[in-house]
Amino acid sequence: MSLTSTETPWIVRLLLEDGVIGEAAEERVRKLLHTATSNLERALVEAELASAEDIARVYAKALGIAWVTLQEQVPTTDSNVRIPPNVIECGPGDGEGVLIGSVDDLVHASAQVAIKVTESVCRRHSVVILGFESDSALLGMIDPSKLDAVNEVSARCGVPVHPVAATPAVISEFMSRHFGERDEVREIASEDDAGGKHTDDEDDEEAAVILDLQKPIPAGKDSQVVRIVNILLLRSIQEGASDIHIEPYEDRVRVRYRIDGRLIETTPPPRSLFIPTISRLKILSKMDIAEKRVPQDGSIALRSGEHRVDLRVNTVPTVYGEKMVIRLLEKKGIPDRLQKLGFSDEQSGAFLKAAHSPNGLMFVTGPTGSGKSTTLYCCLNLINSPDENIVTVEDPVEYKFDGLNQVHVRANVGLTFATALRSFLRQDPDKIMVGEVRDQETAQICMRAALTGHLVLSTLHTNDSLQVVNRLVDMGIEPFLLGPALKLLEAQRLASRLCPECKEQYEIPEEVALRHGLEPGMTLFRKCRLENNTCEYCRGNGSKGRVGIYEVVPITQDIGEMIASSVPLNEVRAHVRNSGINLLPESAREKLAEGTVGLEDVAEYVKAQT
C-alpha cells in the first residue's frame, strides 16, 4: 500500500509531505498502521517516528491555525522552588513561538467555560479548554481535524470554539488542573447514558419506597384508612414511641405506644376498620395481605418533615385476628458518644479500647429490649473507618449504616448466622458483628474467627456480664480457649430517667435503705408526687426518656487466667470488684446518687450479687 494514497491516515501523509517521516522509515510506518488500534498520534511518538511538537506543527500548518506547546518546569536558584509551566503559542507551521501565559493563569481564566465540559468528553476526544477571549473558547486538540469534537464542545459551552493544535503535554497538564488526578472509574460513571438510568434485572427486595406522611392524600374510598394509618404513625413519631401495638379483640381494637418503656393507650380505629388498617400496613410493609395464618415480617421507610424513620413490622395470628407490632427505628436515635447512653467516661474508654483490638471476643448482654443493639451500633459507628472492613449479620438488620456491610439472616433460604459467618471469613473482615450467639455452631465459629485474627462483637441473654463464660462453656467452648480470646464483657439495663424539671428530693428511710443495701439517711430523688403534675417537659409523667445502667468488665490477664482455669464465677466476680470495676449494683447506686433515676426503677439492681 502506498503511504500517499487517500486510505492512509491524514496525519501520516502530512508528516511525509513535511519531511518529518523519511523514505527509510516508511516500512516502520506500514507496520505501525497494522498494529495501532487507537490514538495514532501517540503511537507515532512512542515509535519515535515523529515528536509531539512535529505532529502539532504539521496539523497547524495544514489547517492554518496556531499550535501550542508546554515549557516544562525549571528549577530556580532555590532547589525547592519550581517555576509553574508556561504555554508557548506558535503560528501555523512556525517553529518559534511566544509566551501566552502560565498554566495557572490560563486555567483560572478559562475555568467558567471549562467546567461546562465534562471530564469524560475531554478525555474521549483528547481536548481541553485553553482560554476564553472575545466570547469564544480556545480548544486545545491533539487532532484538530475532529469536527465532531469541536461541535460537541461548542454545544456544551454555548459559545463558538476555535481549535488549536496542542501537544499531549499541554492536554495532560490542563486536564490535571481542571479535573485533578485521573480517575477512570469516575470518567466512565460520568458518561452520558443514552438508555437512561441503569436498573437491575432483578427486583431488589430491600429497595423501599419512602412513605411521606405529610404528602396530601387524594380523595377516594380508601382515603379514610390511609388517613388513619398516617395519623397513627405520625403521632407515634411525635410522642417518641419505640413501638406501636395494634391488637384486635372481639368487639374492639386497642392501640398502644411504648414510650420510655411503658405501654400507653391511644385512640384506636373502630373495629370495622381494623382489617383495612392492617391490610394497608401490610401492603406498605411488602407482606402478603392474603396470608393471615402464619406470622410475617416486613419493613416500611417513612419520612415526616426532617424525620426519616425505618419501621420494622411483625404480625402474628391471634384468635380475633392478626396482632401487629411496629418497631420505630430512627437513625438519629443512635448517639455519637457512648456517654450519651449512660456510660461513664471510664466505662466508655474501656469499651472503645476493646473495640479497637485487632482480634478477640466482645459480648454485650442483657434482657430483650435493654438496648444491646443500640450499644453495638453506637460502638460500630465510632470505629467505622475506610481502612476497616466491618461486616455484620443480624436478624433483622435494624439500622442501616454507610460503611458497614450488613447481612440479614434468612433461615428459610439457608442463610443462618453460622452460614453467614463462614462466608464472612472468606471476605477478609477486620471486625464482625453477630446479632446474637444462639447455638453451639455459631459460638464455635465466633471463637474460631477470634482466634484467627478477627474481632467479633455479639450479644447474649444473660443476667450479668460474667455469666457469658458459663453460657459459652455450656455451648461447648473450652475454657482454656475462652480465657485468652475474651477482650470485654458488658451487661446493661434500661431505667426511666427522672424528669430534671419536676423530680423531688427526699431522704431515704432507714428500713428501705437497709433492705436495698444503701446508706441510711442518704438523699435520693423520685418522680413528682403532685396529683396534678403540670410539668410541660415530661407532660406530667415524672420521667423523660431512659438511661442505661452498665457494667463493663475488661478481661485483663488475671481475669483471663481465672476463666481459663475454670475458677468459680463468684470468685471471679469478687476479683473484678476488688479491681475497682463497677458492676450493675455499683453503677445503679451511682445513678441514684446523681439523681438520674429513682429507687423504684432500679431496686432490683442495687443489691450486690454474691
Are E600 and K527 within salt-bridge range, i.e. N to O under 4.0 Å?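 No, this pair does not count.
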
Under a 4.0 Å N-O cut-off, is there an ion pair linking E586 with R577?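 R577 and E586: salt-bridged.
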
Apply side chain to side chain contact (heavy atoms under 4.5 Å, CB included) to residues I326 and L232 and explain how you reach the verdict. CA-CA 11 Å; I326 303 171; L232 288 175; over 6 Å; no

Within the structure provided, determine whether [X] and [Y] are in side-chain contact (heavy-atom separation under 4.5 Å).
| X | Y | value |
| --- | --- | --- |
| L233 | L328 | no |
| L361 | M447 | yes |
| P317 | P295 | yes |
| Y257 | R235 | yes |
| P269 | V255 | yes |
| L273 | Q224 | yes |

Among T416, V407, I432, the one residue meeting side chain to side chain contact (heavy atoms under 4.5 Å, CB included) with L421: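 The passing option is I432.
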
In this structure, which one of L494, V597, D601 forms a side chain to side chain contact (heavy atoms under 4.5 Å, CB included) with R546?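 Answer after filtering L494, V597, D601: L494.
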
Check the side chains of [Y] and [X] for a donor-acceptor pair under 3.5 angstrom, ignoring hydrogens and angles.
| X | Y | result |
| --- | --- | --- |
| N389 | D430 | no |
| E490 | T375 | no |
| D558 | T556 | no |

Main-chain N/O of [Y] paired with [X] side-chain donor or acceptor, under 3.5 Å:
| X | Y | value |
| --- | --- | --- |
| H245 | R256 | no |
| K282 | T315 | no |
| Q296 | D288 | yes |
| T419 | G414 | yes |
| E551 | L584 | yes |
| S458 | F363 | no |
| E291 | R293 | yes |
| Q440 | G476 | no |
| D260 | G545 | yes |
| H575 | E571 | no |

Separation of [Y] [atom2] from [X] [atom1] (nearest 0.5 Å):
| X | Y | atom1 | atom2 | answer |
| --- | --- | --- | --- | --- |
| L281 | L311 | CG | CG | 9.0 Å |
| L455 | K431 | CG | NZ | 5.5 Å |
| N470 | L569 | CG | CG | 4.0 Å |
| F274 | I246 | CZ | CD1 | 7.5 Å |
| R573 | D464 | CZ | CG | 4.5 Å |
| I259 | S496 | CD1 | OG | 12.0 Å |

Of all heavy-atom pairs between [X] and [Y], which one has the smallest distance, and what is that distance?
| X | Y | value |
| --- | --- | --- |
| S543 | C538 | O-CB, 3.6 Å |
| G435 | T459 | O-OG1, 2.5 Å |
| M562 | V572 | CE-CA, 3.8 Å |
| S465 | A491 | N-CB, 3.5 Å |
| T442 | A418 | OG1-N, 4.0 Å |
| R327 | S242 | CD-O, 3.3 Å |

Does [atom1] belonging to [X] count more than 12 external heavy atoms closer than 6.0 Å?
| X | atom1 | answer |
| --- | --- | --- |
| Y537 | OH | no |
| Q557 | CD | no |
| K340 | NZ | yes |
| I275 | CD1 | no |
| R539 | CZ | no |
| E346 | CD | no |
| D387 | CG | yes |

Should I390 and M433 be marked as a side chain to side chain contact (heavy atoms under 4.5 Å, CB included) after you check the CA-CA gap, both sets of side-chain angles, and the distance that decides it? CA-CA 8 Å; I390 302 176; M433 193 272 268; 5.7 Å; no

Could you tell me how the ring of Y550 sits relative to the ring of F343: parallel (under 30°), tilted (30 to 60°) or perpendicular (over 60°)?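 Taking F343 first and then Y550, their aromatic rings lie parallel (interplane angle under 30°).
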
Before you tell me yes or no, could you show the steps for S587 and Q347 under side chain to side chain contact (heavy atoms under 4.5 Å, CB included), namely the whole-Å CA-CA distance, both residues' side-chain angles and the distance that decides it to 0.1 Å? CA-CA 10 Å; S587 296; Q347 290 173 333; 3.4 Å; yes

Given L302 and I237, is the side chain to side chain contact (heavy atoms under 4.5 Å, CB included) satisfied, shown in steps? CA-CA 11 Å; L302 63 83; I237 295 172; 3.5 Å; yes

